[in-house]
Amino acid sequence: MINKNMTIEEAVKDNPNIIEKLEQVGIDYCCGGSAPLEDAISEIGFDPDSFINILNNIEKPVELDSKLEEVLKLDTDKLIDYIISVHHKKDLELIEEIDKSLRKVIKAHYINHGDNLKDIYQVFLLIKADLIPHFAAEEEIDFPKLKRGEKLDFSTLIAEHEKVGSLLERIKNLTNDFKLPEDACATYSKSYELLKELSDDLKTHIFLENNELFTR
Ligand SMILES: [Fe+2]
Ligand SMILES: [Fe+2]
């Protein structure tokens, strides 16, 4: 049961199915997960009691269907392996696919959408340039230390997550919340789909690190 005294991350751990609703109203559950739920709801102009009521009416996942709930139960070694083999792998693959796809779209739609596509591509490249070394740092330095049981200072990794979070917000704005222009072709549509997939996956990925792995 979700209540007013919880942080956003506690509410998400109580019922991962509320993520969709939080996304819809713009509550940041990954980088801003440690904020009190009540404050986050007030900030977006809703009444905390009635909004929490809505959240409590969202059905909890059936145990086996709930990937996130299962993942949260993994021990630290397994959770690290999971993050690398599922999220790092998927995000890197998506980045390569998006890069190829966006480059085609830029060429094909430059006349009508050049300025907007240029902005999207530049922000995307900033995400790419941040994430490739970020994943390497986690895989080569921080995660092995965690596996050895060393205490770590996570402030750099968390700051990098926040930066990526704000770049994803810029992508969301530049793509008008992933709404395609009327003259979009299949590749345009594919690029937006992939960008949305990357954005969704990164949010779960960052949530797992900030609010679970780094707080153990
Ligand atoms: Fe990671
Ligand atoms: Fe990370």
Side-chain angles (χ1 to χ4, degrees), residues 7-13 16 18-20 22-23 26-35 40 61 66-100 102 120-173 178 193-216:
T7 61
I8 303 168
E9 65 170 284
E10 285 165 342
V12 169
K13 282 180 189 168
I18 68 168
I19 285 177
E20 209 185 317
L22 297 181
E23 291 246 321
I27 291 180
D28 173 15
Y29 71 92
C30 61
C31 291
S34 56
S66 162
K67 211 48 196 287
L68 189 59
E69 213 165 32
E70 290 293 300
V71 171
L72 291 171
K73 288 185 201 147
L74 296 173
D75 67 35
T76 299
D77 277 20
K78 291 220 172 71
L79 179 60
I80 287 173
D81 295 342
Y82 175 86
I83 289 173
I84 294 174
S85 64
V86 175
H87 291 293
H88 286 196
K89 183 170 178 281
K90 180 174 179 179
D91 296 340
L92 290 174
E93 283 169 4
L94 282 169
I95 283 170
E96 291 315 310
E97 263 191 278
I98 293 168
D99 202 338
K100 274 192 217 137
L102 269 181
I120 292 171
Y121 190 63
Q122 286 182 343
V123 177
F124 163 74
L125 286 182
L126 291 175
I127 295 175
K128 178 174 176 173
D130 278 339
L131 286 182
I132 290 173
H134 177 86
F135 291 175
E138 288 180 338
E139 289 177 26
E140 303 306 318
I141 297 176
D142 300 287
F143 290 174
K145 281 187 182 168
L146 272 183
K147 282 192 172 184
R148 291 197 295 270
E150 290 178 34
K151 274 268 164 241
L152 290 186
D153 172 9
F154 295 109
S155 54
T156 306
L157 294 179
I158 291 173
E160 288 172 359
H161 291 165
E162 268 161 24
K163 188 173 168 211
V164 168
S166 60
L167 291 170
L168 290 173
E169 213 33 52
R170 276 170 69 190
I171 292 277
K172 190 178 167 190
N173 293 335
F178 307 100
E193 251 170 59
L194 294 168
L195 278 169
K196 173 90 173 74
E197 203 180 332
L198 177 67
S199 170
D200 289 346
D201 195 78
L202 280 169
K203 283 180 187 168
T204 317
H205 176 174
I206 291 172
F207 175 83
L208 279 177
E209 291 177 358
N210 278 8
N211 301 300
E212 184 61 35
L213 186 62
F214 298 172
T215 59
R216 288 185 172 185

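Start at 1 and go down the list; that is how both ligands and their atoms are numbered. It should be emphasised that the depicted structure is a prediction, and the values quoted were computed from it without experimental measurement.
One finds an angle of 120° at the Fe ion (ligand 2) between NE2 on H161 and OE2 on E138, to the nearest 10 degrees.
Between K128 and E96, at least one side-chain N (NZ, or NE/NH1/NH2) sits under 4.0 Å from a carboxylate O, which counts as a salt bridge. Salt bridge status for E93 with K89: present, with a side-chain N to carboxylate O gap under 4.0 Å.
Taking the Fe ion (ligand 1) as reference, the nearest N/O/S atom within E209 carries the name OE2.
Between H205 and H87, the ring-plane angle classifies as parallel under the 30° and 60° cut-offs. Relative ring orientation between H161 and F214 is described as parallel, the plane-to-plane angle staying below 30° on a 0-90° scale split at 30° and 60°.
Under 2.8 Å from the Fe ion (ligand 1) lies no N/O/S atom of H87, from backbone or side chain alike. Not a single N, O or S atom of H134, from either the backbone or the side chain, sits less than 2.8 Å from the Fe ion (ligand 1).
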